[in-house]
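Working notes, beginning with the structure itself.
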Amino acid sequence: MPPLGQRAQSERQCANCSKSMLQTHLLACSGCKLTLYCSRECQKNHWTAHKSFCSKHQNADKLVQAMAAKGVKINDVPVLQVDRRFKKWHSAAQAIIDQAIIAAMDFVNHPERCFTHVVLITVKSNLYPSTLKASTSSDILKQFLIDYAYICRIDELPNDPRIQRLSGHLHQTAEASRKARAAGTGFGTALAVTRFHALKMTQLTHLFLNNAFNPAIERRSADWVADLKQTISSGTVM
């Protein structure tokens, strides 16, 4: 099977119109530094949905700074280092998360889930002073472990303020995904939110599935959560 990267791009699309980085030049929001846009017009049109998400990420950074000023540590590791390592972990784990999204969505039987569902993943720290300087992708993956994960409808999000603040963003992305499939520009966009409770942080994954994506040939799993936990804890690089 060809690599998933030939059929999808994670977090490399305009949040408003779903154009991928292969179609146009993308620039990051100056506030959250995460969400991408192809033009000022798209950024303006998406602001109502993005405002809460953008504010949340900026506030999360302020919260980490405040915790650092108080000398807060997690497993004897200063929070600023935990924060940096979590972001690095999420980048290292992206291909694994992408595969988990595909397995969880079960697009063979539910092709509409690009428009209706999101995968929620919660992680816990496995980072200690003795493992802080890990440099290989395998060792970085082991620094955070999957606590639990599940799939839910976007209109039935859990009563977690951090998730609820993403509601508008998720709904607008789902609608853009629906339009992209109707226009024949892609299969759709699959969504996942990764939460790290200790720092009240979330990372959002947009997995844009292009027209080469065929659910029938993708790897399937009878227990995608167990597979996700095992892949991360063993440091298996994909």
Fill in: Stepwise side-chain contact (heavy atoms from CB on, under 4.5 Å) check, Met105 with Cys114
CA-CA 8 Å; Met105 291 292 189; Cys114 276; over 6 Å; no
Close side-chain approach of [X] to [Y], heavy-atom, < 4.5 Å:
{"X": "Arg113", "Y": "Ile151", "value": "yes"}
{"X": "Asp155", "Y": "His171", "value": "yes"}
{"X": "Phe187", "Y": "Pro215", "value": "yes"}

Let me check something: do [X] and [Y] share a hydrophobic cluster, defined by ILVMFWY side-chain heavy atoms less than 4.5 Å apart, either directly or through other members?
{"X": "Leu36", "Y": "Trp47", "result": "no"}
{"X": "Leu145", "Y": "Trp224", "result": "no"}
{"X": "Ile232", "Y": "Phe196", "result": "yes"}
{"X": "Phe115", "Y": "Phe208", "result": "no"}
{"X": "Phe107", "Y": "Val225", "result": "yes"}

Discussion item. Is the distance between the ring centroids of His117 and His110 under 6.0 Å?
Written reply: no
Could you tell me which non-hydrogen atom of [X] sits nearest to which non-hydrogen atom of [Y], and how far apart they are?
{"X": "Ile74", "Y": "Ala198", "value": "CD1-CB, 3.7 Å"}
{"X": "Leu80", "Y": "Ala68", "value": "CG-CB, 3.6 Å"}
{"X": "Leu228", "Y": "Ala100", "value": "CD1-CB, 4.1 Å"}
{"X": "Cys152", "Y": "Leu120", "value": "SG-CD1, 3.7 Å"}

Output yes when a side-chain donor or acceptor of [X] lies under 3.5 Å from a complementary backbone atom of [Y], and no otherwise.
{"X": "Gln43", "Y": "Cys29", "value": "no"}
{"X": "Thr131", "Y": "Tyr128", "value": "yes"}
{"X": "Asn126", "Y": "Lys142", "value": "yes"}
{"X": "Arg181", "Y": "Gly188", "value": "no"}
{"X": "Asn211", "Y": "Gly184", "value": "yes"}
{"X": "Asn214", "Y": "Ala216", "value": "yes"}

Worksheet entry | Parallel, tilted or perpendicular: ring planes of His169 versus His50, cut at 30 and 60 degrees | tilted
Worksheet item: Taking the six-membered ring for Trp, are Phe86 and Phe144 parallel (under 30°), tilted (30 to 60°) or perpendicular (over 60°)?
Response: perpendicular
Regarding [X] and [Y], is there a side-chain donor-to-acceptor distance under 3.5 Å anywhere?
{"X": "Arg85", "Y": "His90", "value": "no"}
{"X": "Ser234", "Y": "Thr236", "value": "yes"}
{"X": "Thr202", "Y": "Arg195", "value": "no"}
{"X": "Ser221", "Y": "Asp227", "value": "yes"}

Worksheet item: About how many Å separate OG of Ser125 and CG of Asp147, when rounded to the nearest 0.5 Å?
Response: 11.5 Å
Item to complete: Step by step, work out the side-chain contact (heavy atoms from CB on, under 4.5 Å) result for Val79 and Lys73.
Response: CA-CA 5 Å; Val79 291; Lys73 296 182 179 181; 5.9 Å; no
Practice prompt. Kindly indicate, with the supporting measurements, whether the criterion side chain to side chain donor-acceptor pair (under 3.5 Å) is fulfilled by Gln143 and Asp139.
Written response: CA-CA 7 Å; Gln143 291 181 331; Asp139 287 340; over 6 Å; no
Discussion item. Please determine whether side-chain contact (heavy atoms from CB on, under 4.5 Å) holds for the pair Gln99 and Thr231, giving the CA-CA distance in whole Å, both sets of side-chain angles, and the decisive distance to 0.1 Å.
Written reply: CA-CA 11 Å; Gln99 291 288 359; Thr231 304; over 6 Å; no
Worksheet item: Do other residues, nucleotides or ligands put more than 12 heavy atoms under 6.0 Å from the CZ atom of Arg153?
Response: yes
Worksheet item: Does the side-chain contact (heavy atoms from CB on, under 4.5 Å) test come out yes or no for Leu209 and Thr189, once each step is laid out?
Response: CA-CA 6 Å; Leu209 306 170; Thr189 301; over 6 Å; no
Worksheet item: Quick one: do Lys44 and Glu41 make a salt bridge, cutoff under 4.0 Å?
Response: no
Worksheet item: Under 4.0 Å between a Lys/Arg side-chain N and an Asp/Glu carboxylate O for Asp61 and Lys87?
Response: yes
